[in-house]
Amino acid sequence: MTAFKELVAPPAWRTVDLISDLHLQAGEPATSEAWQGYLQTTPADALIILGDLFEVWVGDDSAASASSADAAGFEAQCAELLRRTAQRLPVFFMHGNRDFLVGPAFAAQCGLTLLDDPTVLVLHGQRWLLSHGDILCLEDTEYLKFRAQVRTPEWQAAFLARPLEERRALARSMRVQSEDRKRNPSTIWADVDNDAARDWLLQANARTLVHGHTHRPANHDLGHGLQRIVLSDWDAAAHPPRAQLLCLSTAGAQRVDLR
Ligand code: MN
């Protein structure tokens, strides 16, 4: 049985922005710049990040460290941007499969509120079921086994006890493996299981599931008045560039392209 935590929006929130899968990294400045421009100008009353904001996260000490290494500088800059944004509007963060190690120290540093996956957002009386989406990709059994392992406090404590440089090196080698998998034409990418999505929606007493993770933006009709909205990933250097948010309001859900 899945537990459905609730985030009840105060009446003053007219619009809530949802973004996910920016995969921010030092080597891809265009997307970071698009994100920075967005944070500085959004008129939303709250921002909810549905995971994979960062391409990789090896521990909150990577953002706190004043090391001159490029990666440390990048993470500290992202922290500062989030901190300034969170002074202006509430910012919520749900973990993705890339940045599941974002922890309470980073949240406190930036003024973020961490959200459980899934969480029901109650906005103007409407219930929106929010998830990163990876846990609903039931066909990806190998990944789900890995996920179950790395989400335990024991695994995380052991990993975070390693020196920062060792964790960075491990993340780099995992990234190479994942790039190989992306290049392999026989790789099959699992999608969110529609039956599981419907089950969740019925349990959560919600009609719409919003998630990211799959990088396949679409609105899926699940029947019985239920739907699944998939967020776009971001890549500001792609042709055409991708930088899209989903804006929730009394008018419903609206995709907004930023570029
Ligand atoms: Mn993901």
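Whatever order the structure lists them in is the order used to number ligands and atoms, beginning at 1.
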- Taking both backbone and side-chain atoms into account, decide whether N97 has an N/O/S atom under 2.8 Å from the Mn ion (ligand 1). yes
- Answer yes or no: is there an ion pair linking E165 with R168, defined by an N-O contact shorter than 4.0 Å? yes
- Note on the structure: Rounded to 10°, the ND1/H213 to the Mn ion (ligand 1) to NE2/H132 angle comes out at 90°
- Message: Any N/O/S atom from D134 (main chain or side chain) under 2.8 Å of the Mn ion (ligand 1)?
- Response: no
- How long is the span from the CG atom in L231 to the CZ atom in R216, to the nearest 0.5 Å? 14.5 Å
- Query: Hey, are N97 and Y143 close enough side-chain-wise for a donor-acceptor pair under 3.5 Å?
  - Reply: no
- Task: Name whichever N, O or S atom of D52 ends up nearest to the Mn ion (ligand 1).
- Result: OD2
- Short N-O contact, R98 and D233, less than 4.0 angstrom: no
